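Numbering of residues begins at 1 and proceeds along the displayed sequence. Indexing begins at 1, ligand by ligand and atom by atom, following the structure's order. Hydrogens, waters and symmetry mates play no part in the numbers below; they use all other heavy atoms, side chains included. What you see is a predicted model; the values in this text were computed from it and never measured.
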Amino acid sequence: MKKKHPITVLQGDGIGPEIMDAVLHLLQTAGASLEIEKNFIEKGEIKKATWDSIRRTKVILKSPITTPQGGGFKSLNVTLRTTLGLFANIRPCVSYHPFIKTKHPNMDVVIVRENEEDLYAGIEYRQSGDVCTALKLISRPASERIIRYAFEYARRVERKKVTCFTKDNILKLSDGLFHKVFSEIAKEYPDIESEHWIVDIGMAKLAATPEVFDVIVLPNLYGDILSDIAGQIAGSIGLVGTANVGLKGALFEAIHGSAPDIAGKGLANPSGLLLASVLMLVHIHQTEAATRIHNAWLKTIEDGIHTKDIYCEGMSQKKVGTQDFTDAVASRLGKHPVQLKTVDYAGHQNAIIPSHIGSTLISSKKELVGVDITLQSYDPIEKIVLHCKAAETPSLKLEKIFNRGTVVWPEEASEIQCVDQYRCRFFGNKVVKGETIASLMHRFATGGCDVVKLDNLYTFDGNRGFSH
Ligand code: NAD
């Protein structure tokens, strides 16, 4: 018997306990060799003993957790991903035509989502009455890591193409960096086709013709949205399992949430968590059990034994609840699908483990050339200009004032509906010193202005590191 592999089970809430019990029972029946450390998440908190277990086993199987409502709570899912450095999120979205209703019979897409940055970093501010802001954070090291991961994954599982989605026609610096890194890394993988789409048309294309995509790599928030769309158009989000992996651990879960509307009714489809557990078995090199469970699951789907969410009159044979569905899979262990493609994970054991981490050190000449000072003000623009002019220093002059990204001075902008935050851009006639900016700030403060934010403006090798 294979040595038991320790795993931490995180029992969530809502439908979490029902689907987890079903999946653990199936794993046991299928002969997976696991030493299960079962932990519970209570009142939105991960206890020290649970963290100890996670750090010991480094492999987590998790059922969904309800995100508490209201301010002050950070999502536990996000906390787990960021604390454990689980930078890559892999979501295979496959259609099971003709057994599960879908408009896309040939869909077989793997979404590789960056998992730690972007708007998901959750850095938000309210600094004036009218405006809330959220920071979209994209870094070169994280972009390199996830994009290289996508190409490595594609190579290991013999996929042909990696597509990148960004919105770099608008977000030229942040998404622009992700796209630039994609183009650089793609050159290192000449055996794999690469392409880029603007995310909106890319998503529309995926919704219409998913069969033209293979592996898709994208920043965190787009990945979150796209993978739910992809799961749903494949058949149901209840069918998608996902792996979150990093250098120090891996977490496997379904992509759906805790479904409070059906919790405790025995109706939930356990397939997402079940397929996540298959990814987990591959990850811990128990590929035989993974292959056995996945093929038994495919046969169950093929036999028309379906939970309510995927049941379709005329196509399905029997509508079952969570328990009966799991029993149906268990009774088919050792069987293979006839029409759907049989899976075989032999040789794929290292498919989702990250390798080749490391990032390129970029050295460039960085120069401070100006500053954006954001003021809260209800004054007319003429008065704001007077305040700014009074704060100018000999080497730092007012160039423009923006409201919600649109220039409202020096251009006439009477049609614009202004809010209470004005971003006032000051440029130096040469490289600016930090003390000059401090002196500008001092002049604003003594002038009675409400400065809510300051952003330095830099160039890198002469290229602007700020938007226009
Ligand atoms: P949800 O995915 O829980 O439910 C959306 C719809 O899909 C519901 O109608 C639900 O009944 C159905 N559904 C979901 N999973 C199903 C399954 N396995 N079988 C059958 N039907 C299923 O999304 P939501 O309602 O937006 O979120 C509920 C809670 O879950 C929220 O607090 C959310 O933050 C949380 N959530 C957690 C995770 C996670 O733990 N990874 C992921 C997403 C959402």
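- Here CZ of F99 is found 13.0 Å from SG of C312. Values are rounded to the nearest 0.5 Å.
- Both tests hold for K136 against Y222: distance to the six-membered ring centre under 6.0 Å, angle to the ring axis within 45°.
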Give the table of side-chain donor-acceptor pairs shorter than 3.5 Å for residues 203-213, with sequence neighbours excluded, one pair per line with atom names and distance.
residue: T209; atom: OG1; partner: K205; partner atom: O; Å: 3.1

Q. Please walk me through it: do F151 and F182 pass ring-ring contact (aromatic ring centres under 6.0 Å, His included)?
A. CA-CA 10 Å; F151 278 98; F182 178 78; 5.6 Å; yes

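- Using a heavy-atom distance under 4.0 Å as the criterion, the protein contacts of ligand 1 are I15, K62, P64, I65, T66, T67, N77, I237, E253, I255, H256, G257, S258, A259, P260, D261, I262, A268, N269, D309.
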Please tabulate, for side-chain N and O atoms in residues 9-18, each donor-acceptor pair with protein atoms closer than 3.5 Å (sequence neighbours left out).
residue: D13; atom: OD1; partner: T66; partner atom: N; Å: 2.8
residue: D13; atom: OD1; partner: T66; partner atom: OG1; Å: 2.9
residue: D13; atom: OD2; partner: T66; partner atom: OG1; Å: 3.3
residue: E18; atom: OE1; partner: G266; partner atom: N; Å: 3.3
residue: E18; atom: OE2; partner: G264; partner atom: N; Å: 2.4

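- Applying the ring-ring contact (aromatic ring centres under 6.0 Å, His included) test to every pair with at least one member in residues 238-263, sequence neighbours left out, gives these pairs: F252-H283.
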